[in-house]
Amino acid sequence: MASQKLDKLDKQILRMIAEDARVPFLEVARACNVSGAAIHQRIQKLNSLGIIKGSKFIIDPEKIGYETCAFIGLNLRNPENFDSVVKRLKDIPEVVECHYTTGDFDLFIKIYALNNHHLLNIIHDKLQPLGLSRSETIISFNSAISRQLPVVDIPVEDDDD
């Protein structure tokens, strides 16, 4: 998918809302030296282009009892079953990410489990029945970096046109 051309105002808006999604539009408008209506229209445009994909509260899994974070590389017995496997992965609430990848795995997933015993149950009871030839699990002790992609080097459309 091709990237969208953004101007300086779009980039400034993205920087502010990426830093704090709850920042009032009026505050963004003041910082950008434009009207609140202009900010509202720009944010709607960024939404409709798919550049902004909603806003949400981020729940810390550990604070609600999910102490184990794991990344699991999956190899499918029948790789032609990608679509049906991904559909079934969507029904496993502990699976929070799923990626098609190059390299050693057909799919790479991120899951949260209450503890290592719960992780074992997920792998045995929910993942193995998907038709895996093998899997490799990596447990994360702690996330050293977790952030949005910074809005710094996005190409800016020239205003001179």
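Side chain of Asp20 to backbone of Arg22: a donor-acceptor contact under 3.5 angstrom is found.
Within the model, atoms CG of Leu119 and CD1 of Ile139 stand 5.5 Å from one another, a figure rounded to the nearest 0.5 Å. Here CG of Leu14 is found 10.5 Å from CG of Leu149. Values are rounded to the nearest 0.5 Å. Here CD of Gln44 is found 7.5 Å from CD of Gln41. Values are rounded to the nearest 0.5 Å. Going from atom CD1 of Ile92 over to atom CG of Leu130 covers 5.0 Å, rounded to the nearest 0.5 Å. If you take NZ on Lys110 and NE2 on His99, they are separated by 8.5 Å, rounding to the nearest 0.5 Å. Atom CD1 of Ile59 is separated from atom OH of Tyr112 by 11.5 Å, given to the nearest 0.5 angstrom.
Annotation: side chain of Asp7 is in contact with side chain of Arg42 (closest heavy-atom distance under 4.5 Å). Phe105 has its side chain within reach of Asn75: a pair of non-hydrogen atoms, C-beta onward, lies under 4.5 Å apart. Counting heavy atoms from C-beta outward, Ile43 and Val28 have side chains that stay 4.5 Å or more apart. With contacts defined as side-chain heavy-atom distances shorter than 4.5 Å, the pair His40/Ser35 does not qualify. Here the side chains of Val95 and Lys90 are not in contact, with every heavy-atom distance at 4.5 Å or above.
Under the 4.5 Å side-chain contact rule for hydrophobic residues, Ile123 and Val96 do not share a cluster. At a threshold of 4.5 Å between side-chain heavy atoms, the hydrophobic network of Ile, Leu, Val, Met, Phe, Trp and Tyr places Leu49 and Met16 in one connected group. With hydrophobic clusters built from ILVMFWY side chains whose heavy atoms lie under 4.5 angstrom apart, Leu120 does not share a cluster with Leu132. Connection of Val23 to Ile52 is established within a shared hydrophobic cluster, with ILVMFWY side chains joined at heavy-atom distances below 4.5 Å, either directly or through further cluster members. Tyr100 and Ile138 fall into different hydrophobic clusters, where Ile, Leu, Val, Met, Phe, Trp and Tyr are joined by side-chain heavy atoms under 4.5 Å apart, directly or via other members.
The aromatic rings of Phe71 and Phe108 lie parallel to each other, their planes meeting at an angle below 30°, with 60° marking the opposite boundary.
When all heavy atoms are compared, the tightest approach of Asn47 to Gly54 is OD1-N, 3.9 Å. In this structure, Gln128 and Ser135 approach most closely via the heavy-atom pair NE2-OG, 3.9 Å. Closest non-hydrogen pair, Ser55 versus Ala21, comes out as CB-CB, 4.3 Å. When all heavy atoms of Gln12 and Ala31 are compared, the closest pair comes out as NE2-O, 3.2 Å.
When each of Val85, Leu89, Leu74 is tested with Cys98 by the rule side chain to side chain contact (heavy atoms under 4.5 Å, CB included), just one qualifies, namely Leu89. In summary, of the residues considered (Ile122, Leu127, Asn121, Thr68), a side chain to side chain contact (heavy atoms under 4.5 Å, CB included) with Glu94 occurs for Ile122 alone.
Other residues, nucleotides and ligands contribute more than 12 heavy atoms inside 6.0 Å of the CG atom of Asp60.
A salt bridge is defined here as a Lys NZ or Arg NE, NH1 or NH2 lying under 4.0 Å from an Asp or Glu carboxylate O, and Asp104 with Arg134 fails to meet this definition.
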